[in-house]
Amino acid sequence: MVTSSAPRRALVTGASSGIGAATALRLTSEGWQVFAAARRAERLESLAEQEGIIPLVCDVTDVDQVAAVRARITEAGGIDTLINNAGGALGVDTVAEGKLEDWRWMFEVNVLGTLNVTQAFLPMLRAHGEGTVLNLTSTAGVVSYEGGGGYNAAKFGAHGMTGTLRLEEAEHNIRVIEVLPGMVRTEEFTAKRLRGDTAAAEKVYTGVEKPLTAEDIAEVITHAVTLPHHVNLDQIVIRPVAQAAQHKVIRQG
């Protein structure tokens, strides 16, 4: 059992850009030590300059790479918090025209990647005595929409897995939090989904005065994991005011 006065340590996956990078920076500003994991080493270089961040190259879908990261973190003293942020969307095809390779990639990253990392670190979090797992899913994991079939399926899977994990790990005093963002303006996420079509990516946010930012989500994540351990924000749905629901977005002009 680690005392509450011990420094807090977290692993953040998908930390090379967007919400992951913002979360790593926000946590370190609060005095945390953060292991920032991502596939692209070059994108981790700027994070490595921030005091308190230890960059680790890792593909969350690769069992061996995750095991290597766990060994590195174990040597460094372990973590008390796991933030599963790695994920993504690819394509906006209908279910009838969806590409199997796109669906497979989304399932592997959003579901199996989260599973892989969670399984690797659960023993460490149990041993800590006050472990936390935070899974970043999406409102796409609770509300379906046209053109989102593959992403809906993947995030519904991640949402279901998170609920099950909470039930199974409560007896080990592991707090399981789910953060479900709505419209967040992160250019890389949208551009990747639309296969580099910057005009189409920009259209997603046209007329939306204040979509959420990566920093907005990072602030909420930091708040959730720094509350006293017995306080569990089970599910946090975050949308901009302009997005009253998945199907209703207020656009100006």
Side-chain angles (χ1 to χ4, degrees), residues 1-15 19-20 23-24 27 30-35 37 56 58 60-63 65-87 107-139 141-142 153-181 217 220-238:
M1 180 73 174
V2 178
T3 63
S4 59
S5 61
R8 300 294 302 276
R9 294 181 171 186
L11 167 62
V12 179
T13 67
I19 294 171
T23 299
L27 287 171
E30 295 290 327
W32 289 55
Q33 182 177 63
V34 175
F35 298 92
L56 300 170
C58 179
V60 297
T61 66
D62 188 304
V63 174
Q65 289 188 32
V66 171
V69 164
R70 180 184 58 203
R72 173 78 182 278
I73 291 176
T74 299
E75 292 174 1
I79 58 171
D80 59 80
T81 299
L82 168 61
I83 298 176
N84 284 309
N85 166 74
F107 191 83
E108 288 180 347
V109 173
N110 292 285
V111 181
L112 299 184
T114 298
L115 174 66
N116 188 23
V117 178
T118 301
Q119 288 181 336
F121 284 91
L122 274 179
M124 182 183 295
L125 296 175
R126 289 172 177 174
H128 179 276
E130 290 189 348
T132 295
V133 177
L134 186 146
N135 288 344
L136 189 84
T137 61
S138 170
T139 53
V142 291
K155 287 302 187 183
F156 265 80
H159 169 67
M161 178 172 58
T162 303
T164 300
L165 184 69
R166 185 179 300 113
L167 294 172
E168 294 173 345
E169 293 302 319
E171 64 186 88
H172 300 292
N173 201 32
I174 290 181
R175 175 172 58 177
V176 178
I177 302 166
E178 182 180 9
V179 174
L180 304 89
I217 309 303
V220 172
I221 290 172
T222 300
H223 175 70
V225 299
T226 52
L227 286 170
H229 184 77
H230 71 283
V231 179
N232 189 11
L233 301 182
D234 285 14
Q235 296 178 8
I236 310 169
V237 176
I238 316 169

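Because only heavy atoms are used, hydrogens play no part in the values below, and waters and symmetry mates are left out as well, while side chains stay in.
The list of side-chain hydrogen bond (donor to acceptor under 3.5 Å, both in side chains) pairs with a residue in residues 70-80, not counting sequence neighbours, reads R8-D80. The stretch residues 110-126 participates, sequence neighbours left out, in these salt bridge (Lys or Arg N to Asp or Glu O under 4.0 Å) pairs: R126-E169. Within the structure, the side-chain hydrogen bond (donor to acceptor under 3.5 Å, both in side chains) test picks out the following pairs touching residues 153-167 (sequence neighbours left out): N110-K155, N135-T162, H159-E178. Legend: salt bridge (Lys or Arg N to Asp or Glu O under 4.0 Å) pairs involving residues 220-231, not counting sequence neighbours: none detected.
Minimum interatomic distance between L134 and A224 (heavy atoms only, all atoms of both residues): CD1-CB, 4.3 Å. Pairing each heavy atom of V111 with each of A154, the nearest pair is CG2-O, 3.2 Å. A10 and L27 get closest at one heavy-atom pair: CB-CD1, 4.2 Å.
Taking F156 as the reference, S144, N152 meet the side-chain contact (heavy atoms from CB on, under 4.5 Å) condition, with sequence neighbours excluded. For T118, the side-chain hydrogen bond (donor to acceptor under 3.5 Å, both in side chains) partners at least two apart in sequence or on another chain are N84. A search for salt bridge (Lys or Arg N to Asp or Glu O under 4.0 Å) contacts involving E30 returns R26, not counting sequence neighbours. Taking the side-chain hydrogen bond (donor to acceptor under 3.5 Å, both in side chains) definition, one finds that T132 meets it with R175, sequence neighbours left out. Residues meeting the side-chain contact (heavy atoms from CB on, under 4.5 Å) test with A86, sequence neighbours left out: T13, V60. With sequence neighbours excluded, the residues that form a side-chain contact (heavy atoms from CB on, under 4.5 Å) with L112 are F107, E108, L115. Every residue meeting the side-chain contact (heavy atoms from CB on, under 4.5 Å) condition with V66, not counting sequence neighbours, appears here in chain and number order: C58, N116, V117, A120.
Of the inter-residue distances, the one linking I19 atom CD1 with L136 atom CG reads 5.0 Å to the nearest 0.5 angstrom. With rounding to the nearest 0.5 angstrom, the CG atom of L233 is 11.0 Å from the CD atom of Q235. Atom CG of N173 and atom CD of E171 lie 11.0 Å apart (nearest 0.5 Å). To the nearest 0.5 Å, atom CG of residue N85 and atom OG1 of residue T137 are 11.0 Å apart. For the atom pair CD1 (I221) and OG1 (T226), the distance works out to 11.5 Å, reported to the nearest 0.5 Å.
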Please test T23 against I217 for side-chain contact (heavy atoms from CB on, under 4.5 Å), starting from the C-alpha separation and ending with a verdict. CA-CA 8 Å; T23 299; I217 309 303; 5.8 Å; no

Under the criterion side-chain contact (heavy atoms from CB on, under 4.5 Å), I'd like the reasoning laid out for I174 against V133: C-alpha separation, chi angles, the key distance, then a yes or no. CA-CA 7 Å; I174 290 181; V133 177; 4.1 Å; yes

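The closest side-chain heavy-atom distance from F35 to V69 is not below 4.5 Å. I79 has its side chain within reach of L125: a pair of non-hydrogen atoms, C-beta onward, lies under 4.5 Å apart. Within the 4.5 Å cutoff, side-chain heavy atoms of I73 are placed close to those of L56.
Remark: side-chain polar atoms of H172 are not paired, donor with acceptor, to backbone N or O of G131 under 3.5 angstrom.
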